[in-house]
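So you know, we letter chains A, B, ... as the sequences are listed, proteins then strands, and number each from 1.
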There are 2 protein chains.
Amino acid sequence: MSTESNHLRKAGLKVTLPRMKILEMLENSETRHLSAEDVYKSLLESGEEIGLATVYRVLTQFETAGLVARHHFEGGHSMFELNEGDHHDHILCVKCGRVDEFMDETIEKRQRQIAQDAGYEITDHSLYIYGICPDCRGKA
Amino acid sequence: MSTESNHLRKAGLKVTLPRMKILEMLENSETRHLSAEDVYKSLLESGEEIGLATVYRVLTQFETAGLVARHHFEGGHSMFELNEGDHHDHILCVKCGRVDEFMDETIEKRQRQIAQDAGYEITDHSLYIYGICPDCRGKA
DNA sequence: ACTACGGATGCAAAAGCTTCTCATTATTAT
DNA sequence: ATAATAATGAGAAGCTTTTGCATCCGTAGT
């Protein structure tokens, strides 16, 4: 029994071909951050028969199940990332779209404090730093 | 000469009725955070003749001119806020949509450090804390 | 004030992303 | 294997936002 199917079972999801393929795609992706369209196109190129609607449905289910995180980067469309290991935030390049990750306990702590001071019960947070990455800075 | 028209002139924009009205709307809004649709509907209710396309166009121009900031809160559509005074971040209620603001120099400093460490030239950043506000926490 | 020019507006249509509908197909428990 | 039930694919629909175009308005020069 593969690791993927176990993940699906644990999440209370039936083990189907599309779900397996999408999970694999997320695991093997180099960038780790994919849009629904990215996943869809890659699967088509791999010769899979899949509908875009299914990709969206499955990704949403994965999000609900906690398997993936959905990010709303600038530009409107959602990006999905496999949830493995610890929480982290993102720093992204506005020129080439590169995405790096970081984690800062000082910031995390301050956020919790700020929410508490404001009387909020914190449920989530998102921090994106935008900039020009090392590679793009060179190219004028 | 009104304050609004000066703002527009400084931004290199012609002083037109729609632009004036939208600027007033942003200045007088209680919540300070409005979607394009919000602005459009409010202006219609005030008896103004305006098109939704114009609202979007003008808000984008205002953003380019630095008069307003555009935020991408969860849920897909953009929110616009008048740029007055200093930078700040947002904490919002996932139940009622309430938006509060905060500013934390510790976090700002850490962000700059993180960008520098990663070799990025920082251009922008966005931090949203999501939670349940004091009012909504009471209501079970 | 008057005119002419160029930019601004409104409407409708279009575009882009995401969700929904529904007939068909696949998965699971029996 | 079979029946019950959930998942899928294809296209239509929904929403926010943008664009094309004819018309209108602000502005600068007279």
Whole-Å distance separating the [atom1] atom of [X] from the [atom2] atom of [N]:
X        : N       : atom1 : atom2 : result
Glu48(A) : dA10(D) : CD    : P     : 13 Å
Ile22(B) : dG10(C) : CD1   : C1'   : 12 Å
Glu37(A) : dT19(C) : CD    : P     : 13 Å
Glu49(B) : dC24(D) : CD    : C1'   : 12 Å
Phe80(A) : dT18(C) : CZ    : C1'   : 9 Å
Leu8(B)  : dG26(D) : CG    : P     : 12 Å
Tyr40(B) : dT17(D) : OH    : C1'   : 14 Å
Leu59(B) : dT16(D) : CG    : P     : 15 Å

Among [options], the one nearest [X] by side-chain distance:
X        : options                   : value
Arg57(A) : dG9(D), dC21(D), dT17(D)  : dG9(D)
Ile50(B) : dT18(C), dG11(D), dG10(C) : dG10(C)
His77(B) : dA6(D), dG26(D), dT17(D)  : dT17(D)

Does [X] put a side-chain nitrogen or oxygen below 4.0 Å from OP1 or OP2 of [N]?
X        : N       : result
Thr16(B) : dT9(C)  : yes
Tyr56(B) : dT17(D) : yes
Thr54(B) : dA8(C)  : no
Arg9(B)  : dT27(D) : yes

**Main-chain N/O of Tyr130(A) paired to Asp124(B) side chain as donor or acceptor, under 3.5 Å** = no
**Request:** Would you check if the side chain of Arg19(B) reaches a backbone N or O of Lys14(B) as a donor-acceptor pair within less than 3.5 Å?
**Result:** yes
**Message:** For the residue pair Asp38(A) / Ser35(A), report whether a side-chain donor-acceptor contact shorter than 3.5 Å exists.
**Reply:** yes
**Complete:** Judged by nearest nucleotide, the residue sitting upstream toward the 5' end of DNA chain D, Leu13(B) or Arg70(B), is Arg70(B)
**Message:** Could you check whether Glu108(A) pairs with Arg110(B) (Lys NZ or Arg NE/NH1/NH2 to Asp/Glu carboxylate O, under 4.0 Å)?
**Reply:** no
**Request:** Look at Lys95(B) together with Glu121(A) and state whether they make a salt bridge at an N to O cut-off of under 4.0 Å.
**Result:** no
**Request:** Please work out if Ser35(A) contacts a base, only the sugar-phosphate, or nothing of the nucleic acid, heavy-atom cut-off 4.0 Å.
**Result:** nothing
**Asked** Under 4.0 angstrom, heavy atoms only, what part of the nucleic acid is Leu52(B) near: base, sugar-phosphate, or nothing?
**Response** base
**Request:** Test for a donor-acceptor pair under 3.5 Å between the base of dG26(D) and the side chain of Arg19(B), counting only N and O atoms.
**Result:** no
